[in-house]
Amino acid sequence: MKLINYLLAICIVLGISSCDAIVGIFEAGFNTGVIIVLVVIVLIIAGLFKMFGGSKKQ
């Protein structure tokens, strides 16, 4: 009976730690995606300013 309790405890601990690892991976992926989207938006805006003469020097 003790063996079953130990195995159950080990499975629970491993399950909780693996869930934390998966959450960390998804958070990192989400943050990277947000940064990439922001960089693309800035590049598009900079390109539009360059195309339509955002700063005209005379």
Side-chain angles (χ1 to χ4, degrees):
M1 190 66 179
K2 285 185 179 183
L3 180 62
I4 293 173
N5 288 337
Y6 287 134
L7 289 175
L8 184 61
I10 289 172
C11 289
I12 290 172
V13 169
L14 290 176
I16 291 172
S17 64
S18 64
C19 287
D20 288 339
I22 292 171
V23 167
I25 290 169
F26 280 121
E27 284 179 359
F30 177 77
N31 292 336
T32 303
V34 168
I35 291 170
I36 290 172
V37 167
L38 290 175
V39 167
V40 168
I41 290 172
V42 168
L43 289 174
I44 289 172
I45 291 172
L48 289 174
F49 272 116
K50 201 168 212 175
M51 276 177 37
F52 295 113
S55 61
K56 293 182 180 180
K57 293 183 180 180
Q58 293 181 357

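We number each residue from 1, following the sequence as shown. When reading the values below, keep in mind they use all heavy atoms of this one structure, side chains included, and skip hydrogens, waters and symmetry mates.
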- Query: If you measure from CZ on Phe30 to CD1 on Ile35, what distance do you get to the nearest 0.5 Å?
  - Reply: 10.5 Å

- Note on the structure: Exactly one candidate in Leu43, Val39, Ile44, Val37 meets side-chain contact (heavy atoms from CB on, under 4.5 Å) with Ile41; the answer is Val37

- Task: Group every Ile, Leu, Val, Met, Phe, Trp and Tyr by side-chain heavy-atom contacts under 4.5 Å, then state whether Phe49 and Leu38 land in the same group.
- Result: no

- Message: Count I, L, V, M, F, W, Y as connected when their side-chain heavy atoms are under 4.5 Å apart, and connections chain through other members. Are Leu48 and Val40 then in the same cluster?
- Response: yes

